[in-house]
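Down below is the structure, laid out as structure tokens.
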There are 2 protein chains.
Amino acid sequence: MLYAGFMSAAPPSAPTPQEPAESPQLLQLGLDDDEPCLRADAARNRARLLEAAAGLVAARGADAVTMEEVAAAAGVGKGTVFRRFGDRTGLLMALLDHSEKKLQAAFLNGPPPLGPGAPPAERLRAFGRAALRRTVEDLNLQLAAEPDAGRRFTVPPYRVRHHHVSMLLRQAVPDADCDVLAHTLLTQLDPALVHHLMHQCGMPAQRLEDAWTDLVDRITGTTA
Amino acid sequence: MLYAGFMSAAPPSAPTPQEPAESPQLLQLGLDDDEPCLRADAARNRARLLEAAAGLVAARGADAVTMEEVAAAAGVGKGTVFRRFGDRTGLLMALLDHSEKKLQAAFLNGPPPLGPGAPPAERLRAFGRAALRRTVEDLNLQLAAEPDAGRRFTVPPYRVRHHHVSMLLRQAVPDADCDVLAHTLLTQLDPALVHHLMHQCGMPAQRLEDAWTDLVDRITGTTA
DNA sequence: CTGCAAAGCGGACCCCGGTCCGCATTGTGT
DNA sequence: ACACAATGCGGACCGGGGTCCGCTTTGCAG
């Protein structure tokens with residue numbers, strides 16, 4: 001039962017038939033809410049927990065909040081939190097779920113240049129810009145939600161991003177090892193790195209966006 | 001006192017006057033041992049702890065070993081471990097220190113193509129190859145030693161590597177944002193990623209080396 | 001050799017994430 | 001309406017990382 005609560009972050013919203021294999025087997029026409037079918041009380045508690053957690057995090061910062069506090073604030077027992085969200089990371093990721101899904105929707109079905117329709121290199125540039133901006137929005141939470149080293153790359157949101165970038169790369173530079181290259185690109189959007197560069201090195205957000213663009217240019221060979 | 005024990009991993013061995021600013025102010029002619037000047041008993045305990053830790057880790061795997069066990073095996077109190085090494089990560093990093101220092105020495109003063117003398121792009125390729133191989137050697141330990149998100153980029157060994165790669169990049173592609181680019185390159189050597197690619201995706205080590213080479217080529221523009 | 005400050009020691013202690021299991025709630029079939 | 005699985009609940013409990021502070025050891029100065 002270690003992974004409970006992770007499904008909340010996984011599935012993108014809809015298939016996109018216009019481009020080859022845009023989102024493969026993990027399609028699932030998304031009703032906005034997740035969690036297959038929860039018993040009435042369970043659903044209520046889940047909602048309460050998310051609300052309580054959001055409140056506490058907003059008030060005191062993510063890593064000053066303990067799981068027990070969240071449980072108490074939601075008026076449920078500690079066990080309930082863990083059963084629903086698996087672990088601390090799971091709860092925190094659930095808080096980010098909505099915003100992540102919005103981004104996913106945007107690059108999976110949204111309008112170009114983020115969504116399908118634009119040339120791959122341009123979609124890549126747009127993707128980085130969008131992801132970067134979203135990351136900057138609530139860096140702290142995202143930092144606290146970072147899963148431990150062992151799971152960083154297996155967590156659903158990351159997989160979706162990787163799949164997407166990998167696909168765009170295959171279109172732009174068919175002769176490269178796009179799977180690995182996609183990871184390389186994605187690590188430049190890693191909250192921990194963004195935090196380091198902005199808050200510890202004092203770089204402005206713009207510079208990160210520029211660096212992303214430059215990297216995409218170098219990798220794809222395009223210079224636009 | 002949070003950072004105690006981290007100096008053990010920091011300083012490279014010697015300045016290299018033959019190349020511009022090879023290792024800037026953090027030069028310090030290195031006697032092989034570190035830890036400024038430890039009281040007799042302290043030094044003895046430190047050694048015992050490292051030995052005990054190494055033994056336990058080798059025997060049962062890094063993350064099956066508790067700090068208390070290490071302390072007990074070394075015949076000292078728990079507090080001593082933490083005073084000496086700061087935290088769990090600190091202890092684990094200390095175990096890796098020797099091997100890391102060897103690598104540092106190799107790319108700071110060693111013979112080309114790793115050390116000074118070869119053209120920067122080639123040094124970069126050699127660096128990745130060497131770092132990758134070292135990482136693969138004791139992946140588990142390295143995985144367990146990974147510091148939490150907040151410190152990943154401020155920990156001395158990383159800084160040294162970053163400084164080095166950054167410098168080589170500045171020589172190879174003066175017009176790029178080498179500071180950021182260096183981070184991007186380095187993340188491809190991250191133990192967590194290497195683990196993921198090799199053990200969860202089943203890639204052979206050779207493929208990672210090739211991917212590194214390819215990435216360096218793309219970024220520097222060289223194709224050798 | 002002796003005295004004394006500084007450095008080090010160690011284990012009791014705290015905290016928090018995560019688990020477990022006996023009990024309560026649900027909702028379904030009849 | 002009732003019974004009875006199945007699902008969920010919650011708080012006691014555990015383990016391990018990290019801290020603290022009264023005591024010991026060290027080593028220097030006289």
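Letters go in sequence order (proteins before strands), and every chain restarts at 1. Everything numeric here is computed off the predicted structure, so don't read it as measured data. For the numbers below, each heavy atom of this structure counts, side chains included, while hydrogens, waters and symmetry mates do not.
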Less than 4.0 Å between a side-chain N and a carboxylate O, is that true for A:Glu100 and A:Arg161?
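Salt bridge: yes.
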Going by the rule side-chain hydrogen bond (donor to acceptor under 3.5 Å, both in side chains), which residues pair with [X] if we only count those two or more places apart in sequence or in a different chain?
X	answer
B:Arg88	none
A:Arg129	none
B:Gln200	B:His196

Between B:Thr80 and B:Asn45, do the side chains contain an N or O donor and an N or O acceptor separated by less than 3.5 Å?
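No.
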Using distance alone, with no hydrogens and no angle criterion, decide if B:Arg134 and B:Ser99 have a side-chain donor and acceptor under 3.5 Å apart.
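Short answer, yes.
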Nearest to the side chain of B:Ala42, which nucleotide is it out of C:dG18, C:dC9, D:dG18?
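Per side-chain heavy atoms of B:Ala42, the pick is C:dC9.
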List the atom pairs, with distances to 0.1 Å, where a side-chain N or O of residues 58-65 of chain A and a protein N or O form a donor-acceptor pair under 3.5 Å, not counting sequence neighbours.
| from | atom 1 | to | atom 2 | distance (Å) |
| --- | --- | --- | --- | --- |
| A:Arg60 | NH2 | A:Ala64 | O | 3.1 |
| A:Arg60 | NH2 | A:Glu69 | OE1 | 2.9 |
| A:Arg60 | NH2 | A:Glu69 | OE2 | 2.7 |

Quick check: on DNA chain C, is the nucleotide nearest B:Arg44 upstream (toward 5') of the one nearest A:Ala40, or the reverse? Name the residue that is more 5'.
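First, find each residue's nearest nucleotide; the 5'-ward one identifies B:Arg44.
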Give each protein N/O atom lying under 3.5 Å from an N/O atom of nucleotides 23-25 of chain D, with the pair distance.
| from | atom 1 | to | atom 2 | distance (Å) |
| --- | --- | --- | --- | --- |
| D:dT25 | O2 | B:Arg39 | NH1 | 3.1 |
| D:dT25 | O2 | B:Arg39 | NH2 | 3.1 |

Taking atom [atom2] of [N] as reference, at what distance in whole Å does atom [atom1] of [X] sit?
X	N	atom1	atom2	value
B:Arg88	D:dT19	CZ	C1'	18 Å
B:Leu38	C:dA6	CG	P	18 Å
A:Arg46	D:dC9	CZ	P	12 Å

Atom pairs, N/O to N/O, protein against nucleotides 10-14 of chain D, distance under 3.5 Å?
| from | atom 1 | to | atom 2 | distance (Å) |
| --- | --- | --- | --- | --- |
| D:dG10 | OP2 | A:Gly77 | N | 3.2 |
| D:dG10 | OP2 | A:Thr80 | OG1 | 3.1 |
| D:dG10 | N7 | A:Arg83 | NH2 | 3.3 |
| D:dG11 | O6 | A:Gly79 | N | 3.4 |

Under 6.0 Å between ring centres, would you say that holds for B:His183 and B:Tyr158?
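Between B:His183 and B:Tyr158, the centre distance is under 6.0 Å.
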